[in-house]
Structure formats: structure tokens, C-alpha cells
Q: 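Before we start, here is the structure in question, set down as C-alpha cells.
On a predicted model such as this, the values are computed, not experimentally measured, just so you know.
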Amino acid sequence: MEAQDEQLLKDCAPFVRFSKLDELLNLGRANSLWPLTFGLACCAIEMMAAGASRFDLARFGAEVFRPSPRQADVMIVAGTINKKMASAVKTLYDQMPEPKWVIAMGNCAISGGPFVFPGQYAVVEGVDKLFPVDVFIPGCPPRPEALIEGILKLEEKLTGKRRWPVVKPE
Amino acid sequence: MIIKEDSVLTQREAPSETFILNLGPQHPATHGVLRVKMTMDGEFVTRAEPVCGYIHRMQEKMAENRTYAQYLPNTSRIDYLSAMTYTHAFVGVVERAAKLQVPRRAEYIRVITSELNRISSHLVWWGAFLLDLGGFTPLLYAFDDREKILDLLEGVTGARLTYAYYRIGGLYNDVDDAFLNGTRAFVAHMRPRLKMYRELVTENIILRKRLVRIGMVTDQMCRRYGASGPVIRGSGVPYDVRKAEPYSAYPDFDFDIPCFTEGDSMARYLVRLEEIAQSLRIIEQALDRLPSGPVMAEKVPRVLKLPVGDYCYAVEAARGRFMVRLVSDNKEIPYRLKLRTPCLSNLSLFEEASQGMLLPDALAFMGSLDLVIPDIDR
Amino acid sequence: MLSGDLVYVSAFCLAGLVFALGPIVLVHLISARKTRNYANKTQQYVECGMDPIGDAWIRYSAVYYLYALVFVAFAVDVLYLIPVAVVYNRIKELGNRDFFELLIFVGILSLVIVYAWKKGVFEWKRKTNNS
Amino acid sequence: MNTSLPGQTSTNPQPVNSAPNTAAPVAPVLPPVGLEFLTRSTLPFQTVDYALKGYHLDANVGSDKVVAAAVELNREGFALDTITGVDWLAQNQMEVVYDYFHPLTGLRVVIRSKVARENPEFPTISTVYPGAAWHEREAHDFFGIRFSGHPNLIPFLLPEDATYHPLRKDFAP
């Protein structure tokens, strides 16, 4: 019986593949990340440019920008987090349903960026001081291609493999 | 069920209570982190009080521990949509205080890049404003054109949004032929596009119903709140810093100030679209008469110490009058740097102008003011 | 014959039930139980980042209810149009009578709009005396 | 609808939504247009070299005469540009500079006033210029200048419970 089973498995290998349900779900989630429109400052304009006609985020399934945290999967923190705004950012993070991810876009979201100087009193130096961040995109503001690379990095984090070619600087 | 004594059973006309609606920091129509506490009576706004400070980034405090050259990148992060004009004001006030003579070619290139930046800023406003009113496709058209401008400016300055292209005394580098030919091609491409925008959107009856006679702002109200730019030009006062306080190379060019007298959101909308046409005219004239020569003043002192005193320099940014007030005490860092930003004054008339408005009209009115929130909070 | 029909109808009801409750069960099985929160504001119903000011249980103006009634009227209207759509134009000898019946039915129902228009529902007229 | 402003007569009313090509009268650098109000004014104005300073007229008044200056400039048709606080730590003084611009003549006027640095107090001009309310709240945020008579002098850019004044020279975070 075993020989026949092996033979059977070998015959239908190209059509049938066994894996965990989670991997299937993650594949679906990775290709339809709904970002939360959370544009704070300059990076928001580059995020809009990424969503607009030339750097089309729709190619990666991430062009549906949801204003409400209840319907968003990933929070792209695009801009400077202010101490007065920190509680609002945390509230929005709490209101997002699991599974949720955070992309820190721009130097301000990574480490306070250009607004860190001795005697600064208003900027939270980095979003990871408020909640865990999955992908950091450096730049001030990062180019739309960098945001797309960040989303691809997040997809790689979800599914474990990278479907899109990696751009090598020649 | 406790019947309150003034409950509906005993009263003929039951008054509906007002509730406070938080048009909070996270809202698609505020295009940033502006919070407006709106006291609503049903659908009508009885009092709308903007609360700012959610993106306050201490620009003026930073000026007090940065030398003049180090502060340059900050100026393009105050209003990142018209970054060139803001850098122009800061560089202008330093040149005015140090009595530096900027070469003619640098002034012309500053005018060309500032006007290109004004067009790209109006295009972002146009796309986002129609997004607020519910039209999704114009944003894609506007950003498509804007990318052409960004390619031109990126070729010369290296940045897409926050250029620190101007230097104290001139420019970072000279423009190449690709930029000049590309700009001419862009001007030729943009004019028919403007005609298409007018047919596609401006003559659309829904847009006219949403904007005509909505958000009325009188010229007296503009003056008392210090509003400037398209807001005051939409209310009948042709005030434009390029004409009122001529700076840089603007006196050499012949252009008009679009001015409408209705003072409603439609007037402000038309002023901005007309301004794009005027900017194209300026760019064309500047390209035709672009002088040759250096782009940097000869002797710019390495360590710049400005004479004691206070100096002002005002420019016409995309949103209005941006003025830099510099107080110097002959050290290499400014003693005090005040940034008079247009959006703060333009928004300050929102509270008085939006009383009694319907909520959707108040949002259309706020969109027509063209606000950039870090410009208010600095 | 009777049992045949009974099987048919019960299958239909079962499919409807599965169609309705299926996603709820599936989501309960697959999705996470709770979400990470750092300011325990998960239950806050307002999604603008700020705590709501004042109470939501206040006396709204009647215009909202009238607006909802117009919607309900047309929802019921569509409810009756679905079976019509299934058998529309099936019976040849009726000619286009079913079209006119449809027209009369929708016409009567659109009187709701006329009534609402007259009562000033669409102008959001404020009935409060502290206008 | 188009009430003519004092000083200059403004443009004639245009038909709806046409683009009239009227340009603002270009203010020559020296002598600037619209100086005739100087004859009527009671403020100690000195003319200043615009090419160097960026404004035309400068007046130094006591802190009590600030509202009178605002009333007069409002009558002349000026618009409030901004209110700037400057902390002179060395001279132990707190200075407030009121900038005005005229929307029709492009004239730039500056009114400045100084008080002791301990608890600086200025009368509010938001009764004359409602736009000044926010500028005054911001000056209060950054310098702790109290504007008596201000409708709601709560922090404008800083968090609601902020008691520190960051732009004072002796501010330590």
C-alpha cells in the first residue's frame, strides 16, 4: 500500500500542496494590506504619491487607504509624532484589530529625525517608544519606491518568501 | 422611565441638544493632524474651534541652536508643499541682513523653481480638495502632472519634496539644459491639461452646487484676521506679496493677480487654478530671458555674523504671505527667528466664518482654505 | 410529492442559515481573540484618536428619523421588486402589462420622496427654537 | 458686497467667476504709497530703510498704548501680520513686536513695546483684531507673556497642561 501511496503523491505533486492554514491566510493578508491613512507631515505627501498614478500601490494590493483604524491592517506612521499626539496614536493603534502591523515611514517616525536636538521638548523620538514597529523606512521623506520596498519587506515578513525581484543598484 | 419636566410630552417644540463632534487629529478631510472641536446642533455647526499643536516641531526653538547654513533644511519642512518659497524667504532675510548681492541668473532660477513649486503645490491641493468633496479620479490626474514637475526639480536639486536648493548668496548648483528643455516641455504640456481640468471638473454642476456661495468670507474679515494668498484674493482684494513688496526678480516679469470678488469657496478654487496659468506665464518669460553668469555670490563669509537688529523678508508662498522676522545679535546663530505662516491666519477665520454652516459645507470650506497643518503648528 | 417540496424548502433554509452564521463561526475560529493595546482604548467607539466629549444619548432633531424612514420605505420597495425581477417578462401573453404594474408600484412608493420634500427633510431645516 | 476699504478705493465689483486682470498697485520701494495716513497718526513713527529692514515704518510705544495703536491701524485699513515675542535676557526685558501690512498699499508697519521680564503683561488687541487671539496665545505659550483681557488664554501649540515656556532664554527642559 505504501508504495502505491508514494507513487500517488508523486504523481499529483505538481497540483496538490499541503501546508498550514496560517500560511494560506498570511498569503492572503500579505497581498491585501489595507493601510490606515495616518499622514502626519511631509511623508504623508510621499505616501499619497505612492498611492497615486505613477508609483501605484495597487500593484501590491495596498492602495485601499482606510481612514478608520477598525478596517485597517497596517498603520503607516508617516511623519513626526508629537508628545501631544502620542496618546492619540496609541489609541488608534489599540483600535486596530489583530493581525496588525506598523510601518515607521521616515526618520521622524524612526528616531525623531531632524527634530532631535538638545533642549527639544515636543517630539517623541521614534514610534517604537509607543508600540512595536515591524518595518522601518529611512529617508526624509523616503521616496515612494522606498515605501513600496517597505511594504514588500512586510509581505516577506508575513509569508516568509519574497515574490518580487530585489532591485540591485548597478 | 423618568419623565424630565421639560420632556417632549409637556413641550410643544422640543429643542434638540447640541453635541460636540471631534473632527479629531485623525480625519481624512483634515489632511494632517488638525483637530476641530465642533459644537453641533443637528447637522449645523454652531461653533467650530480648531485645536492645533499636534504636529508642533519646535522650528523656532531649533533656529536658536542652528547656524544660518544649518537651518536651511528646516525651512523646507515647515510647508513641505511650497518648500522653495519658504527657503527663499529664509535665504532672502539673511542676504538682506548681510547685504549680499545675489547674481541675476540665480534670482531668475529661484523664480522659475518657486513658480514650479507653486504649481505642484496647487496640484496637490486640487487633487486633495476634490478628494474631500468625493471625487476620486482628479487626484490621479493631478499627481500625474505633479510627477512631471518633481522629475524636473529632482534633476536639479536631488530631492522630490524638501529641496534645500537655495543657498545663502545663490544656489546649490546651476541648472542644466535638460531642466530648461524639460520645463519648456512641461509648460507646453500643462496648458491643454488646464483646459481639460476646467471641462472635467470646474464646469461640473455638482462641484458648483458644493462650492458656490459656500464659505462666504468678506474682505473685511480677511483683513481683520490677517488672511492672505488665495483666501484674500478670492474676496476681492488683489493682495500678492510679489506685487505689493516686490522681491527677487519678480519686478522683471509681467503677470496678473487673479482676483474674484464673490469670496466663496468657488472664488478661491478659481483663483488657484488661474494662478497656475499665471505661474506658467512667469516661467515662460523667465526661461526666455534667463541671463548667463555665475549662480553663487563671490565672497560669502564662511562664518556668517549678521549685524545687530531685526530684519523681515516676505514671500508669496502657495498658501499666502510667508514672512520671516530675524532678530540677530551679531553671533553665528540667530537670536530669535519668527516664522509668520499663512495657514495660521487663514485658519483663524474658520471659527467665525463657519458658524451656522452645514457640516459638509464646513469641510468644503476648510478644504478651500488649503491648509498644511505643520505650517500652522511649526 | 409533499416530502419532495419539504426537502427543497428545508435545504433552502439550511443554506440561508449556513450562509448567515458561517462567517461568524469561521471568523471566531481563525481570527485572533484579542488585540494588543497600549492605552486600553480598544473599546472606545470614536475613531479619531480623541476621547469623545459629552454624552451620545441626547435628543437629536427629528429630521434624522424622517431621513431613516425614507430609507426604510425604499428598502421595502426593493424587497418586493426582487421576486418581480425573477419572473419579469416570462409570461409572453401578458405583453408589457407587468412593466406598467411595476411602474405604478414604484410610482406610489416614490410619493414618500414628495412627502419628505414637503416636510423639509432634505433641507435639514432646524426645528429647534434655539436656532 | 465689496465695501471700499479706507485709504485706497478697492477694485470695481467683477462679474461672477470671470478673471479680471487687475494687478495690485506696485508699491515702489521709496517713498511707499499710502503714507498720507502719517499726517493723521499720533504714533511716534520713524521711516526705516525698507531695502535693509524689510518694513517701512517703526514705532516704539509703551505697553499701554498698544491697543490704541491697533485701533488706529485698524481704522487705516491695516491687517495684522503677526505678534512676535523676543526675550532680552541680558537687558532683563521682554519685547513684543506687532507687525502690520496694508492689503491695498503694501505698506509695512511695526509697533514694538518692551516690559520688565519678570511677569510680562500686555493688554490684548484681540478685541480690535480677532486674528490676534491665536498669535497672543502662542506668545503666551512660548514666553509666558500674559495678555490681560484675552478671551481664552490657554496653551495653543503646547499640550493643554503645559506650564513651561520653551522659548525663554533660561528654559531648561
Q: Closer than 4.0 angstrom, basic N to acidic O: yes or no for D:Glu138 and B:Arg378?
A: yes
Q: Is the CD atom of B:Gln101 crowded by more than 12 outside heavy atoms at less than 6.0 Å?
A: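 At most 12 heavy atoms, drawn from other residues, nucleotides or ligands, come within 6.0 Å of this atom.
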Q: Between B:Tyr225 (side chain) and D:Ala79 (backbone), is there a donor-acceptor pair under 3.5 Å?
A: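 A pair under 3.5 Å: no.
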Q: Is any side-chain heavy atom of D:His102 less than 4.5 Å from a side-chain heavy atom of B:Tyr239?
A: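 When only atoms from C-beta onward are counted, B:Tyr239 and D:His102 do not touch, as no gap falls below 4.5 Å.
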Q: Side chains of D:Val110 and B:Arg325, heavy atoms from C-beta outward: is any pair under 4.5 Å?
A: yes
Q: If you count every heavy atom of other residues, nucleotides or ligands that lies below 6.0 Å from B:Lys37 atom NZ, does the total exceed 12?
A: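 No, the 6.0 Å shell around NZ holds no more than 12 heavy atoms from other groups.
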Q: Between D:Phe142 and B:Met58, does a side-chain contact (heavy atoms from CB on, under 4.5 Å) hold up when you go through it step by step?
A: CA-CA 10 Å; D:Phe142 288 154; B:Met58 314 162 285; over 6 Å; no
Q: Aromatic contact between B:His56 and D:Phe156, with the criterion being ring centroids under 6.0 Å apart: yes or no?
A: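 Distance test on ring centres: not under 6.0 Å, no.
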Q: Can you check side-chain contact (heavy atoms from CB on, under 4.5 Å) on B:Arg340 and D:Thr84, steps first, answer last?
A: CA-CA 9 Å; B:Arg340 189 267 181 201; D:Thr84 317; over 6 Å; no
Q: Tell me, side chain or backbone of B:Glu64 under 4.5 Å from chain D's heavy atoms, or both, or neither?
A: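 Contact with chain D: side chain only.
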Q: Identify which part of D:Val128 has an atom lying under 4.5 Å from any heavy atom of chain B, answering side chain, backbone, both or neither.
A: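 D:Val128 touches chain B through backbone heavy atoms alone.
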Q: If you compare all heavy atoms of B:Tyr335 against all heavy atoms of D:Val86, which two are closest, and at what distance to 0.1 Å?
A: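 Heavy-atom minimum between the residues: CE2-CG1, 4.0 Å.
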Q: Please state whether the side chain, the backbone, both or neither of B:Pro307 comes within less than 4.5 Å of a heavy atom of chain D.
A: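 Interface part for B:Pro307: neither.
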Q: Indicate the atoms forming the closest heavy-atom contact of D:Asp81 with B:Arg321, along with that distance.
A: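 Distance-wise, the nearest heavy atoms are OD2-NH2, 2.8 Å.
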Q: Tell me whether the count of non-hydrogen atoms from other residues, nucleotides or ligands lying under 6.0 Å of CZ in B:Arg213 goes above 12.
A: no
Q: Need one label for B:Leu347: side chain, backbone, both or neither, based on atoms under 4.5 Å from any heavy atom in chain D.
A: both
Q: What part of B:Asp329 lies closer than 4.5 angstrom to a heavy atom of chain D: side chain, backbone, both or neither?
A: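 Neither part; nothing is under 4.5 Å.
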Q: Which answer fits D:Leu158, side chain, backbone, both or neither, if we ask what part of it has an atom under 4.5 Å from a heavy atom of chain B?
A: side chain
Q: Counting heavy-atom pairs closer than 4.5 Å to chain D, which one of B:Cys222, B:Cys52, B:Ser345 comes out on top?
A: B:Cys52
Q: Which bit of B:Leu349 is near chain D, if near means a heavy-atom gap under 4.5 Å: side chain, backbone, both or neither?
A: neither
Q: Answer yes or no: is there a donor N or O on one side and an acceptor on the other, between the side chain of B:Lys243 and the main chain of D:Gly106, under 3.5 Å?
A: no
Q: Decide, yes or no, whether a salt bridge links D:Asp99 with B:Lys338 under the criterion of side-chain N to carboxylate O below 4.0 Å.
A: no
Q: What is the distance from atom CZ of B:Arg224 to atom CG of D:Asn74, rounded to the nearest 0.5 Å?
A: 7.5 Å
Q: Looking only at heavy atoms, what is the nearest atom pair of B:Cys312 and D:Arg108, with distance?
A: SG-NH2, 3.6 Å
Q: Please classify the contact between B:Tyr247 and chain D as side chain, backbone, both or neither, with a heavy-atom cut-off of under 4.5 Å.
A: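 Looking at B:Tyr247, nothing touches chain D.
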Q: Which pair of non-hydrogen atoms, one from D:Gly131 and one from B:Ser348, has the smallest distance, and what is that distance?
A: CA-OG, 4.4 Å
Q: Sort B:Val93 into side chain, backbone, both or neither according to what part of it lies under 4.5 angstrom from a heavy atom of chain D.
A: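 No part of B:Val93 comes within 4.5 Å of chain D.
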Q: Any side-chain heavy atom of D:Trp88 sitting closer than 4.5 Å to one from B:Arg336?
A: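 The answer is no, as the side chains (C-beta and beyond) never meet within the 4.5 Å cut-off.
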Q: Among the options D:Leu80, D:Asp58, D:Leu157, pick out the one with the most heavy-atom pairs lying under 4.5 Å from chain B.
A: D:Leu157
Q: Has B:Arg223 got a side-chain atom pairing as donor or acceptor with D:Phe78's backbone, closer than 3.5 angstrom?
A: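 Such a contact is found between B:Arg223 side chain and D:Phe78 backbone.
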Q: Are the side chains of D:Phe101 and B:Val241 in touch, meaning some heavy atoms are under 4.5 Å apart?
A: no
Q: Could you look at B:Arg96 and say if it's the side chain, the backbone, both or neither that has a heavy atom under 4.5 Å from chain D?
A: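 Both backbone and side chain.
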